[in-house]
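Written below as structure tokens is the structure these notes are about.
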Amino acid sequence: MKFFVDTADLADIRDLHATGMVDGVTTNPSLIAKAGRNFLEVIAEICDLVKGPVSAEVAATDVETMLKEGRKLAAIAENVTVKLPLTWDGLKACRALADDGTMVNVTLCFSANQALLAAKAGAAFISPFVGRLDDIGETGMDLIREIRAIYDNYDYETEILVASIRNPVHVKEAAIIGADVATVPPAVLRQLSQHPLTDKGLAAFLADWKKTGQSIL
Ligand code: E4P
């Protein structure tokens with residue numbers, strides 16, 4: 001499974017990229033607002049650093065303006081993935097941009113039928129939001145299972161990009177289901193390597209090693 005990092009914070013992206021675990025980046029208008037920087041500049045800098053897909057979201061809601069914005073974003077770098085909302089205008093813009101050869105990430109997906117439409121519109125990625133479904137008392141991962149089954153039934157190439165991830169359990173379940181990508185907030189990505197028994201075991205090994213009085217180098 002690929003890991004994208006879900007942030008517009010360059011310092012976090014740089015730090016996590018150095019682990020070799022980052023296959024791409026997703027941003028959204030809220031993350032751009034949080035970064036407090038110029039949108040186009042931040043996307044260009046992220047694209048310089050990370051060679052995989054970097055999602056940049058349009059701000060328009062009508063198809064014509066979405067296309068203008070999407071083409072401007074796509075011109076920033078080859079790895080820009082234009083992010084469009086799952087509306088009829090978004091789906092029409094998705095088809096047009098996909099026909100241009102631009103990667104599109106269709107976002108704000110909350111149902112399997114929406115995901116089916118995005119695949120038919122030629123989306124490179126569909127972003128189902130699991131955390132926001134959990135927040136309203138549904139089970140976000142059920143949606144990932146449904147989309148996996150539908151895409152496999154028809155051999156759709158659209159990649160399932162699990163979004164709105166809140167914890168390591170979301171990452172594990174997405175991987176078990178066979179999602180293509182998880183976009184993970186920096187704090188959750190860092191949590192993935194952690195286990196209290198790893199820390200405890202390492203402390204014990206180091207203490208015993210010290211008793212031997214030896215040095216490897
Ligand atoms: C990424 O593509 C999404 O915009 C993001 O994962 C949404 O996460 P949130 O529901 O925690 O805001």
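FYI, the numbering just counts along the sequence from 1. It should be emphasised that the depicted structure is a prediction, and the values quoted were computed from it without experimental measurement. Both ligands and their constituent atoms are indexed starting at 1 by order of listing.
- Ion pairing between a basic and an acidic side chain is recognised when a charged N comes within 4.0 Å of a carboxylate O; Arg166 and Asp134 show no such pairing.
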I would like to know whether Ile165 and Thr183 meet side-chain contact (heavy atoms from CB on, under 4.5 Å); could you show each step before the answer?
-> CA-CA 7 Å; Ile165 280 181; Thr183 189; 5.9 Å; no
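- At a threshold of 4.0 Å, the pair Asp9-Arg37 does not count as salt-bridged, since none of the basic side-chain nitrogens sits closer than that to a carboxylate oxygen.
- Each salt bridge (charged side-chain N to carboxylate O under 4.0 Å, His left out) pair with one or both residues in residues 104-121, not counting sequence neighbours, would appear here, but there are none.
- Nearest approach of Val58 to Pro85, heavy atoms of both residues: CG2-CD, 4.1 Å.
- With respect to Lys211 and Asp208, a salt bridge is recorded, a charged nitrogen being found less than 4.0 Å from a carboxylate O.
- Sorted by chain and number, the residues within 4.0 Å of ligand 1 by heavy atom are Asp6, Thr26, Asn28, Lys83, Phe129, Arg132, Ala163, Ser164, Arg166.
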